[in-house]
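The next block holds one structure in the form of structure tokens; read it before the comments.
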Amino acid sequence: MQYWLFKSEPGCWSWDDQKAKGQEGEPWDGVRNYQARNNMMKMKKGDLGFFYHSQKQRLIVGVVEIIKEHYLDYTAEGDDRWQMVDIKAVADLKKPVNLREIKEHPDLETMSLVKQGRLSVGAVTKKEFQTILKLGDTNI
DNA sequence: GCCAACGTTGGC
DNA sequence: GCCAACGTTGGC
């Protein structure tokens with residue numbers, strides 16, 4: 001089992017939008033970054049991840065599950081081979097975790113979210129995942 | 001609104 | 001293949 005982090009501007013695609021999709025989930029399309037794509041290609045069905053609101057809020061708001069492994073992004077053009085995965089909402093973080101808490105936490109300050117702010121789909125270690133769940137007062 | 005960080009592009 | 005210029009993202 002591996003853990004991940006999906007970043008989105010809430011004005012574009014929010015946690016509420018994601019939750020509205022329910023069990024059906026939604027393709028994480030439009031990723032145009034090789035590192036993010038490579039991360040998606042490593043994802044397995046059943047892996048868990050966080051849903052992060054970037055920009056104004058800067059909060060980890062929920063937990064998602066990968067429900068479909070990588071396939072061709074239908075927004076890719078021509079010979080592009082951009083990939084996407086499907087994710088569904090699993091749980092709210094009872095207490096959303098903000099970026100400042102993450103930066104100040106000794107176990108979290110090395111997260112890719114902190115070190116590589118611009119990466120839209122990042123990996124999270126098991127320890128980081130569990131630490132954030134604890135900060136968020138949430139059990140899965 | 002500004003700026004730093006980073007990825008991408010294109011000239012050589 | 002290198003590197004400067006440029007564009008984009010996201011934190012502040």
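Numbered from 1 within each chain, the chains take letters A, B, ... in sequence-line order. Because the structure is predicted, anything quoted here is derived from the model rather than measured.
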Between [N] atom [atom2] and [X] atom [atom1], what is the distance in whole Å?
| X | N | atom1 | atom2 | result |
| --- | --- | --- | --- | --- |
| A:Ile102 | C:dG11 | CD1 | P | 10 Å |
| A:Gln57 | C:dG10 | CD | P | 14 Å |
| A:Lys56 | C:dC12 | NZ | P | 16 Å |
| A:His53 | C:dT9 | NE2 | C1' | 17 Å |
| A:Gln55 | C:dT8 | CD | C1' | 11 Å |
| A:Glu104 | C:dG11 | CD | C1' | 15 Å |
| A:Leu59 | C:dC12 | CG | P | 12 Å |
| A:Trp13 | C:dT9 | CH2 | P | 19 Å |

Notebook entry, point to check: Quick one, which residues of residues 111-121 of chain A touch DNA chain C with a heavy atom under 4.0 Å?
Noted result: A:Gly117, A:Arg118
Check: Any idea which of C:dG11, B:dG7, B:dT8 is nearest the A:Gln35 side chain?
Finding: B:dG7
Notebook entry, point to check: Hey, does the side chain of A:Tyr52 come within less than 4.0 Å of C:dG11's phosphate (OP1/OP2), counting only N and O?
Noted result: yes
Checklist line | Shortest non-hydrogen contact between A:Val31 and A:Ala36, atoms and distance | finding: CG1-CB, 3.5 Å
Note to self: For A:Phe50 together with A:Tyr3, are the ring centres under 6.0 Å from each other?
What the structure shows: no
Next item on the list: Answer with yes or no whether the side chains of A:Thr75 and A:Asp73 bring together a donor and an acceptor at under 3.5 Å.
Entry: yes
Note to self: Could you tell me if A:Asp86 and A:Trp28 have a donor-acceptor pair between their side chains, going purely by distance under 3.5 Å?
What the structure shows: no
Notebook entry, point to check: Is it the case that one hydrophobic cluster holds both A:Trp82 and A:Val85, taking links as side-chain heavy atoms less than 4.5 Å apart, direct or via other members?
Noted result: no
Next item on the list: Quickly, which of A:Ile132, A:Thr131, A:Leu133 forms a side-chain contact (heavy atoms from CB on, under 4.5 Å) with A:Phe129? Name it, please.
Entry: A:Leu133
Check: At under 4.0 Å between heavy atoms, what does A:Lys103 touch on the DNA or RNA strands: base, sugar-phosphate, or nothing?
Finding: sugar-phosphate
